[in-house]
Amino acid sequence: MTDLKNKTVLVTGSSQGLGKKIAQEFSGKGANVIINYNSNRNKAEQLVQEINSRGGSAISVLADVSQKDQVEELVARSIQEFGKIDIVINNAGIMTTKLLKDFSEEEFDRHFAINVRSVFLVMKIVSERMENYGRIINISSSTTRMMMPTYSIYSATKAAVEQMTRVFAKEIGAKGITVNSVLPGPLITELFLEGKSRELIERIAGLAVLNRIGEVDDIIPLVLFLAGKESQWITGQNIGINGGMA
C-alpha cells in the first residue's frame, strides 16, 4: 500500500473532477496537498476545508498554470507552506470537441496553452526545486491512441504532453525523479459529459472492452502507484488505463 506520509504533492487543476479525487486520495495517504485552481475558488476552498477537517493538511493556491509568473508563485507558495515538493500531478486541462475545420486559431492556441504550455512550465520550474527521487505524473488521454473525429486538437495537445514526458524523464533521471504520464479513457466528469447526448455517451462506452465509461476511482490506483516507492524503476512511460478501449 502506498504510504505518502510527510510527502507534499502539488495537483494542478484540482478543484473538481479527477484532480479533486487525486487530492482527496493523496491526503488520505498522509500527504500534504496543494490544491491549484484558476477559476473555481469556492470549490477549491471547500476541498481544503474538507481535507483539513479530516486531519489532513491542504492549502489552495490560485494560479493560471499557463503563465510563467503564476507558476513560479505557485511553486514558491507551496515550498513556503510545506518546505518542499515531492510529487507533482499535472492535471489542469480543457477539452473542446468539434471538427478541426471548425476550430478558430484562438481556440487552438488556448488548448495548447492550457494543456501543453502549463505542463512545460510546471515541469521546468518545479524540477529545479523539487526533492530528489520525486515523482512527476502528467495526465494525458487515451484519445492519443485513437482516431476519433472532433478530438483532433485535444488529442494533439495530449500527444505533445506524452512526448515531453518521455524526453524529460531522461533529462532529469540523474536526480532520481521519475516522469510518467497516465492516459485515462473517457471518465464520468463534468469535462467529459459537457455537451454530449446520452446516445453519444453510450456509443463511446461501447468502444471499451468492458463496455462502460470509466469512473474517476478507476484511475486513482495507478496514480498512487506511480507516486510511491514501488514505481521507482518506471519512468518515461505513457500508461493507458481505459477498459480496453485503446
Side-chain angles (χ1 to χ4, degrees), residues 1-37 40-41 43-63 65 71 73-92 119 122-123 125-139 165 169 172-173 175-182 184 187 189 214-235 237 239 241:
M1 181 181 293
T2 302
D3 181 6
L4 299 173
K5 188 176 181 180
N6 298 322
K7 299 292 186 181
T8 297
V9 57
L10 166 61
V11 189
T12 69
S14 48
S15 64
Q16 61 184 353
L18 177 59
K20 175 181 178 179
K21 186 64 175 179
I22 290 172
Q24 291 170 323
E25 293 291 332
F26 273 65
S27 173
K29 298 293 184 181
N32 304 314
V33 181
I34 299 99
I35 310 297
N36 161 246
Y37 68 99
N40 293 312
R41 177 178 179 179
K43 290 183 178 180
E45 292 183 349
Q46 288 172 6
L47 179 56
V48 168
Q49 291 174 5
E50 173 197 321
I51 290 173
N52 291 340
S53 68
R54 294 180 179 178
S57 183
I59 62 169
S60 63
V61 181
L62 169 65
V65 286
V71 173
E73 178 60 27
L74 170 62
V75 172
R77 174 77 190 284
S78 301
I79 294 174
Q80 179 184 22
E81 183 71 24
F82 295 116
K84 61 176 183 170
I85 297 175
D86 300 285
I87 302 161
V88 173
I89 316 291
N90 278 307
N91 172 74
V119 177
V122 172
M123 291 198 301
I125 293 168
V126 81
S127 64
E128 299 176 353
R129 304 193 65 183
M130 76 184 302
E131 296 293 291
N132 287 353
Y133 305 100
R135 301 285 187 264
I136 297 175
I137 303 168
N138 299 323
I139 305 300
T165 296
I172 201 171
K175 296 179 67 175
I177 296 171
T178 65
V179 188
N180 295 288
S181 65
V182 172
L187 301 177
T189 63
E215 301 283 350
V216 171
D217 284 343
D218 295 324
I219 311 304
I220 299 301
L222 176 57
V223 178
L224 284 170
F225 171 72
L226 291 174
K229 63 181 181 180
E230 299 87 353
S231 64
Q232 62 186 345
W233 197 235
I234 301 174
T235 193
Q237 303 304 307
I239 304 172
I241 180 165

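Every value quoted in this text rests on a predicted model; they were computed, and no experiment measured them.
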For this session: Kindly determine whether Val223 and Ile89 satisfy side chain to side chain contact (heavy atoms under 4.5 Å, CB included), including the steps that lead there.
Result: CA-CA 9 Å; Val223 178; Ile89 316 291; 4.1 Å; yes
For this session: Take Val65 and Leu74 through the side chain to side chain contact (heavy atoms under 4.5 Å, CB included) test and state the conclusion after the steps.
Result: CA-CA 8 Å; Val65 286; Leu74 170 62; 3.9 Å; yes
For this session: Start with the C-alpha gap between Val182 and Ile219, add the side-chain angles, then the distance that decides, and say whether side chain to side chain contact (heavy atoms under 4.5 Å, CB included) holds.
Result: CA-CA 8 Å; Val182 172; Ile219 311 304; 4.0 Å; yes
For this session: Would you check, one step at a time, whether the test side chain to side chain contact (heavy atoms under 4.5 Å, CB included) holds for Glu50 with Gln46?
Result: CA-CA 6 Å; Glu50 173 197 321; Gln46 288 172 6; over 6 Å; no
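To the nearest 0.5 Å, atom CG of residue Leu224 and atom CZ of residue Phe26 are 5.0 Å apart. Atom CD1 in Ile136 sits 5.0 Å away from atom CD1 in Ile172 (nearest 0.5 Å). We find the CD-CG distance between Glu25 and Leu4 to be 10.5 Å, quoted to the nearest 0.5 Å. For the atom pair CD of Glu128 and NZ of Lys175, the computed distance is 7.5 Å after rounding to the nearest 0.5 Å. To the nearest 0.5 angstrom, Ile234 atom CD1 is 5.5 Å from Ile239 atom CD1. Taking CD of Glu131 as the reference point, atom NZ of Lys84 lies at 5.5 Å (rounded to 0.5 Å).
Taking each heavy atom of Ala63 and Asn36 in turn, the nearest pair found is O-ND2, 3.2 Å. The nearest pair of heavy atoms linking Gly19 to Ser14 is O-CB, 3.6 Å. Scanning all heavy atoms of the two residues, the minimum distance from Ser15 to Asn40 falls at OG-CB, 3.4 Å. Across every non-hydrogen atom of Ala23 and Leu47, the tightest pair is CB-CD2, 4.2 Å. Of all non-hydrogen atoms in Thr165 and Ser181, the two that sit nearest each other are CG2-N, 3.6 Å. Pairing each heavy atom of Arg129 with each of Val75, the nearest pair is CD-CG1, 4.1 Å.
Under the 3.5 Å distance criterion, with hydrogens and angles disregarded, a donor-acceptor pair is assigned to the side chains of Asn32 and Thr8. Under 3.5 Å, the side chains of Thr12 and Asn91 contain no donor-acceptor pair of N or O atoms.
Side-chain contact between Ile59 and Ile35 is absent, with no heavy-atom pair separated by less than 4.5 Å. Contact of the Tyr37 side chain with the Leu62 side chain is registered, since non-hydrogen atoms from C-beta on lie closer than 4.5 Å. The side-chain heavy atoms of Thr178 and Trp233, taken from C-beta on, include no pair separated by under 4.5 Å. Side-chain contact between Phe225 and Glu230 is present, with at least one heavy-atom pair separated by less than 4.5 Å.
No donor-acceptor distance shorter than 3.5 angstrom exists from the side chain of Ser27 to the backbone of Ile51, with no hydrogens or angles considered. Ser231 places a side-chain N or O within 3.5 Å of a backbone atom of Leu226 that can act as its donor or acceptor partner. Looking at Thr189, its side chain never comes within 3.5 Å of a backbone N or O of Gly17 through a donor-acceptor pair. A donor-acceptor distance shorter than 3.5 angstrom exists from the side chain of Arg135 to the backbone of Gly228, with no hydrogens or angles considered. Formation of a donor-acceptor pair under 3.5 Å by the Ser127 side chain with backbone atoms of Met123 is found in this model.
In this structure Glu215 satisfies the side-chain contact (heavy atoms from CB on, under 4.5 Å) test together with Ile188, Arg212, Asp218, sequence neighbours excluded. For Asn52, the side-chain contact (heavy atoms from CB on, under 4.5 Å) partners two or more places apart in sequence, or in a different chain, are Val48, Ala58.
Pairs engaging residues 73-83 under the side chain to side chain donor-acceptor pair (under 3.5 Å) rule: none recorded [sequence neighbours left out].
Applying the side chain to side chain contact (heavy atoms under 4.5 Å, CB included) test between Val88 and each of Ile137, Val122, Val9 identifies Val122 as the sole match.
A salt bridge is absent between Asp3 and Lys29: the closest approach of a Lys/Arg side-chain nitrogen to an acidic carboxylate oxygen does not fall below 4.0 angstrom.
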